[in-house]
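Chain letters run A, B, ... following the sequence lines, proteins first and then strands; every chain starts at 1.
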Amino acid sequence: MSRLAIKLPGLSMKNPIMPASGCFGFGREFARYYDLSRLGAIAIKATTEESRFGNPTPRVAETPGGMLNAIGLQNPGLKKVLSEELPFLADYDVPILANIAGTKTEDYVKVAEDVSKAPNVTALELNISCPNVKEGGISFGTDPEIAAALTRAVKDVSEVPVYVKLSPNVSDITKIAVAVEEAGADGLSMINTLLGMRIDLKSEKPVIANRTGGLSGPAIKPVAIRMIYEVSQRVSIPIIGMGGITSADDVLEYFLAGASAVAVGTANFVNPFICPEIVDELEQKLIDKKVDHISELIGRSWKSCYSPSLSH
Amino acid sequence: MSRLAIKLPGLSMKNPIMPASGCFGFGREFARYYDLSRLGAIAIKATTEESRFGNPTPRVAETPGGMLNAIGLQNPGLKKVLSEELPFLADYDVPILANIAGTKTEDYVKVAEDVSKAPNVTALELNISCPNVKEGGISFGTDPEIAAALTRAVKDVSEVPVYVKLSPNVSDITKIAVAVEEAGADGLSMINTLLGMRIDLKSEKPVIANRTGGLSGPAIKPVAIRMIYEVSQRVSIPIIGMGGITSADDVLEYFLAGASAVAVGTANFVNPFICPEIVDELEQKLIDKKVDHISELIGRSWKSCYSPSLSH
Amino acid sequence: MIKEWTTILHQEQIADKIYELTFEGELVERMTAPGQFLHIRVGEQYMPLLRRPISICDVDLEQKQCTILYRSEGEGTRLLSKKRVGDSLDILGPLGNGFPLDALQEGETALLIGGGIGVPPLYYLSRKLVERNIRVKHVLGFASKKDAFYIDRFNQLGETTVTTIDGTLGYQGFVTDYVLKENPEYDVLYTCGPTPMMKAIEEQLNPARAYYSFEERMGCGIGACFACVCPVKEDPTGTEYRKVCSDGPVFPQGVIQL
Amino acid sequence: MIKEWTTILHQEQIADKIYELTFEGELVERMTAPGQFLHIRVGEQYMPLLRRPISICDVDLEQKQCTILYRSEGEGTRLLSKKRVGDSLDILGPLGNGFPLDALQEGETALLIGGGIGVPPLYYLSRKLVERNIRVKHVLGFASKKDAFYIDRFNQLGETTVTTIDGTLGYQGFVTDYVLKENPEYDVLYTCGPTPMMKAIEEQLNPARAYYSFEERMGCGIGACFACVCPVKEDPTGTEYRKVCSDGPVFPQGVIQL
Ligand SMILES: Cc1cc2nc3c(=O)[nH]c(=O)nc-3n(C[C@H](O)[C@H](O)[C@H](O)COP(=O)(O)OP(=O)(O)OC[C@H]3O[C@@H](n4cnc5c(N)ncnc54)[C@H](O)[C@@H]3O)c2cc1C
Ligand SMILES: Cc1cc2nc3c(=O)[nH]c(=O)nc-3n(C[C@H](O)[C@H](O)[C@H](O)COP(=O)(O)OP(=O)(O)OC[C@H]3O[C@@H](n4cnc5c(N)ncnc54)[C@H](O)[C@@H]3O)c2cc1C
Ligand SMILES: Cc1cc2nc3c(=O)[nH]c(=O)nc-3n(C[C@H](O)[C@H](O)[C@H](O)COP(=O)(O)O)c2cc1C
Ligand SMILES: Cc1cc2nc3c(=O)[nH]c(=O)nc-3n(C[C@H](O)[C@H](O)[C@H](O)COP(=O)(O)O)c2cc1C
Ligand code: FES
Ligand code: FES
């Protein structure tokens, strides 16, 4: 078996690298630049029941070492995703992690039920954290009980394994993680964006029309690493790590922290070829480090130490 | 009156710029490079009842656009701060905001009582990000009731106004802010560091000996701005803003978000002259913008808009 | 689209805050459509993080050289202006869809209206139109004399009128003031500039056939992130949109809500 | 201490990953104590954020020129190695306390032991000692021949022995192996290098009088942030410390727990 191949619930991946949801559309644009079959998996853009236009523009703003976005879950809606986007991706030999969103439990259930039946969707990613949508997300992701209830409802209808994507905007992320694990989650995705804002000095108003946005990019990496380090010691389901990954070294750091696969988001905007480049670089790094298989690295930063009584 | 002078509870400042606690020691080092009387105020290093050595080294690590620290509240203890550090600062014409820390309510009360009597301490800054040993190590800053109780206890003994320094590692910072305001806080300091981690690829262990550290610097600025924007609309006490300030433009952004003064932390390490440089630059910016007084800018990003029903 | 490390051959300030930069690279070979843009990475260290969209201003296909003009305004363009001859520049491009050249027949007349830093893409457009034996007229609006650039070059391609708001150069007033007053004849109008200018063109000049080049804050520049969407005009569903980066930046009259 | 934009006069790779950089600036006038260091800002954009501490290797007070040697290892030193002659370099310094020169009388002998990238500060030290008519002996340890540098220069100042771990140059083994075996005479020992080396010197050579130059991760470099503290040796209270940046980086034998 290749050094890089990773098998997680629903995701049999050639390598542990996937583009993060919302940063890769439904793959069409990138398919023009490289063969999508080179990816470990693809997390597609959040799908909601109805098509959504999203928020007014400006929707992005730059910050030191990062960016804010408030796209507002723009997507063509469940029907079109099933009839157009997923069939397009079926031409590639790559498992699809379908990110689903909604504002009510029933929305999630409906989308989960239908999307999980698509032949190339091998796992769902439950977006309980998207901070951008009015009335949306936030409460699902910040309360362990609500998060668990949603997980259970989706697990009940899904025909494929379910990953819950956690929000970092919480006092204690381990509580949410443990709650959704108990509710049947097959894996976790960590982390979604941090809530942030920038104010324009000329207009004296928030740069982003929606005012607040989600902070992503290298700036948030230390927060993600810390959360994965903590959560991976408390749960036994695998974690897809993300937040500011731009290099194979970053991937190694995520594995050492406790991730079993990673997603690359914002970096795709800076370099559209970043995912396959990281795959190649990663293989070489493992050869240089004499690591036979990348799974050996999972959680190594804490596995060899004393037991997990974390001090802050 | 000067364009820059700001009067807050306990703090009559020539200008709204102060060095942030922990990033300026007790001023001795910087006093060699410039006249400390040029500062609006000085937030001194956290003082605890007993002297503390702090954490083992390495205590700092660099991150994209930021840094992690886990100094561990190293300080010479209450007695020496009163007998040596504060008298040294008394030679300068600058109000002192004394940052106090502890692990039990009684610790805080003891330090608050004694430090607030020092002649040049004109306000206290309650560092509630510390772990609360009695409540099982959760930080005083993550539970509104515990934060409020601590605020009340300290207010009872303090002879000067009390600013509560909020932790950003919470699900809803407005709840904590409102709770401590109700408990009698005279002002807020926002924000303390975000919890983060970096892992060294060679040792495969966290870079920082304490494992986790506090993330500061430009990377966290969008999180701080967002929190101040939200909190300033919910409370009527003033906010000292901080997090990644490196320029006069950053100061303007904090004022527009809702801060009434600012503190500069990490940037002092990159440029020890940053505080007086920002003071000069800020004066010029206001002249260019034809702003008669900096207080006009406080909260302007939301004051002119519709009323505060925030969406996330 | 290609991502390439190109080499800077020339960098010069040509007006107040306006720089002219020429680089060399294989990707220039693909720059055959005026109105396309480049997505330029100005910092190596993810600070600034995002690329900057800048229009193609002129191309020498044989020498594989491309010229851009940009205004040094914020942090990214300031850093770009610090680059020196011989430095490498990471460019993604060409991106988007340019101005249609076949909208006109030989002998017809194109009116090109540019405003400020919207002027650059019109230069390559004008050259391409002239190559096709189309008559070009230019109306170039600037705030003031100190902001004006490339006037001689446009003059060499066709009749060129400059307007400045403060009257320090050419006609005093907005480009639309001039066009309304002088009423130049044309078959197709092409424009690029600030939104208020383009809005005035649409409303006041109400051209029969026109193409507008839009600006919007971008993330990816290639159509994947949905940062740069614009609602389409008169859409009853409220969900129709175009992406400036990949559907545009040039759109025909009436597609996008100005 | 001064903060100054200095100008790079020279930048050259002199061994595997090792660079020699010379700059010019007013702050050089203050560099009279060997063993002090500079705090160098390698990025303009807060990425990397922190300055890098680098020792002073040589100084020309009259020309106001200073030379540093550094190993390009991580991101910051890699960026430093990309700077070109004529570029400006933001430097804070000189910082810390250097090696005491008056620990020796004229005619006495100093033994200078350097390991790897700890060698540079010993060069200026040696020059200053020689100026005071003190005999100097150097033992310079490297991993391998490809890592060695400045050997001729040290040779010009005094007896110089090179040791390499793999034996590709000079004596094969650690610096301590050589000193234990050859037992060179000396009055005061000065050393800078990796902690294991300095620990072996303290334990195995057990010098009567010695000065050690320490390394620790730094924040401010000026004594304000408490990033670089070291516990003092045999402290019963457990709270005594020294700051490497402002109390050090050089400490006499026995002060700091190695
Ligand atoms: C298709 C297109 C073509 C363009 N062609 C040119 C050109 O030829 N010459 C030229 O000088 N400018 C051009 N612009 C505008 C140019 O992209 C911005 O001036 C530039 O991005 C500002 O970057 P900054 O670093 O100076 O500003 P900053 O304020 O540091 O920028 C912060 C962020 O906002 C974005 N941004 C700021 N202003 C604009 C803007 N007006 N449009 C889009 N994004 C913006 C930046 O790209 C960046 O992501 C074009 C824009 C678009 C969309
Ligand atoms: C007093 C003193 C004098 C020094 N003199 C020299 C010299 O003359 N030549 C030379 O090549 N090196 C010297 N060093 C070591 C040098 O500071 C580090 O090699 C350098 O900081 C590494 O930066 P980087 O960007 O390559 O590594 P990165 O890994 O990117 O550094 C990340 C962070 O860790 C810090 N760091 C990493 N390694 C070290 C280290 N060994 N010591 C202290 N901080 C470190 C960096 O300063 C930075 O803050 C000295 C260190 C000290 C404390
Ligand atoms: C423009 C943009 C759009 C995003 N849209 C989604 C989304 O639809 N669903 C989701 O779960 N996460 C979304 N995210 C979050 C990313 O998937 C990812 O969790 C986050 O950006 C951190 O990774 P990064 O730092 O590599 O970008 C989006 C991020 C960005 C930048
Ligand atoms: C090295 C270091 C030490 C700090 N020590 C303290 C402290 O003792 N008490 C406290 O309330 N905050 C402390 N802080 C937090 C800062 O006061 C400030 O809230 C934070 O760093 C954000 O500001 P900045 O980004 O400008 O650094 C410390 C920060 C740093 C970097
Ligand atoms: S900029 Fe990403 S879709 Fe247009
Ligand atoms: S580096 Fe800040 S005290 Fe030494």
message = Under 6.0 Å from the ring centre and within 45 degrees of the ring axis: does the NZ or CZ of B/Lys45 meet both conditions for the six-membered ring of D/Phe226?
response = yes
note = Only residue of B/Thr48, B/Asn99, B/Thr47 satisfying side chain to side chain donor-acceptor pair (under 3.5 Å) with B/Asn75 is B/Thr48
request  = Select one option (side chain, backbone, both, neither) describing which atoms of D/Leu92 are under 4.5 Å from chain B's heavy atoms.
outcome  =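 When you check distances to chain B, only side chain atoms of D/Leu92 fall under 4.5 Å.
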ask   = Where does D/Gln45 contact chain B at under 4.5 Å (heavy atoms): side chain, backbone, both or neither?
value = neither
Which atom of D/Thr168 lies closest to which atom of D/Ser144, heavy atoms considered = OG1-OG, 3.2 Å
What residue, out of [options], has the most heavy-atom pairs lying under 4.5 Å from chain B?
| options | value |
| --- | --- |
| D/Pro231, D/Cys220, D/Gly76 | D/Cys220 |
| D/Cys230, D/Ser246, D/Cys225 | D/Cys225 |
| D/Thr237, D/Leu49, D/Thr239, D/Leu50 | D/Leu49 |

message = Could you check whether atom OH of D/Tyr19 has more than 12 heavy atoms from other residues, nucleotides or ligands sitting under 6.0 Å from it?
response =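 Yes, enclosed.
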message = Can you tell me which of B/Phe269, B/Phe26, B/Phe30 forms the most heavy-atom pairs within a distance under 4.5 Å of chain D?
response =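 Top option by heavy-atom pairs under 4.5 Å: B/Phe269.
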ask   = What residue, out of B/Thr63, B/Thr246, B/Asn55, has the most heavy-atom pairs lying under 4.5 Å from chain D?
value = B/Thr246
task = Give the C-alpha distance, both sets of side-chain angles, the deciding distance and a yes or no for ring-ring contact (aromatic ring centres under 6.0 Å, His included) between D/Tyr190 and D/Tyr212.
result = CA-CA 6 Å; D/Tyr190 296 95; D/Tyr212 299 79; over 10 Å; no
inquiry  = Counting only non-hydrogen atoms closer than 4.5 Å, does B/Pro218 touch chain D with its backbone (N, CA, C, O), its side chain (CB onward), both, or neither?
reply    =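 For B/Pro218, the contact with chain D is made by the side chain alone.
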D/Glu20 side chain near D/Ile14 side chain, heavy-atom distance below 4.5 Å =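 Side chain of D/Glu20 against side chain of D/Ile14, heavy atoms only: contact under 4.5 Å found.
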